[in-house]
Amino acid sequence: MSAKIRVVMKSFMSQSNKISGLVPYTKKVGLPESRALYTVLRSPHIDKKSREQFSMHVKKQFVEQKAQIHELHKKLFWLKRLRVPGAQCEVQISFKTRLDKGSLKSIAD
């Protein structure tokens, strides 16, 4: 049985230099960047045409790593210790199992 560990990292800064310390057998995928643009009046009383614009860029990166069952404890320990300043991490773990035909027939009956 093998497991896939997926980590989605979101931050306001570039993360390319932050995840350089990962295990070499990881697959890194860059996700699309989202951008929010806010327009605010500079003065609340007069000069309605005078406005100021602010933008917020959120960069996302997807890291995937495969692990066997005996390695899973070490990988989860590593994920708990993973400190990426200025980034939000979301961890997803999925298992892939393989059943033989005999056990499938006994379940179906």
- Query: Yes or no on side chain to side chain contact (heavy atoms under 4.5 Å, CB included) for M56 and Y38, after CA distance, side-chain angles and deciding distance?
  - Reply: CA-CA 8 Å; M56 181 174 63; Y38 300 103; 3.9 Å; yes
- Query: Going from CG on L31 to CE on M9, what distance comes out if it is rounded to the nearest 0.5 angstrom?
  - Reply: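 Taking CG in L31 and CE in M9, the distance rounds to 12.0 Å.
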- Query: Can you tell me how far the NZ atom of K4 sits from the NZ atom of K66, to the nearest 0.5 Å?
  - Reply: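 Separation between the atoms: 5.0 Å.
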- Check the side chains of E90 and Q92 for a donor-acceptor pair under 3.5 angstrom, ignoring hydrogens and angles.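 Looking only at side-chain atoms, E90 and Q92 do form a donor-acceptor pair, the distance falling under 3.5 Å.
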Distance-only check: which donor-acceptor pairs under 3.5 Å involve side-chain atoms of residues 46-54, not counting sequence neighbours?
unit_1: K48; atom_1: NZ; unit_2: P44; atom_2: O; d: 3.3
unit_1: R51; atom_1: NE; unit_2: K48; atom_2: O; d: 3.2

- Message: Tell me every residue that passes salt bridge (Lys or Arg N to Asp or Glu O under 4.0 Å) with R6, counting only those two or more places apart in sequence or in another chain.
- Response: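 Partners of R6 by the salt bridge (Lys or Arg N to Asp or Glu O under 4.0 Å) criterion, ordered by chain and then number, come out as E64.
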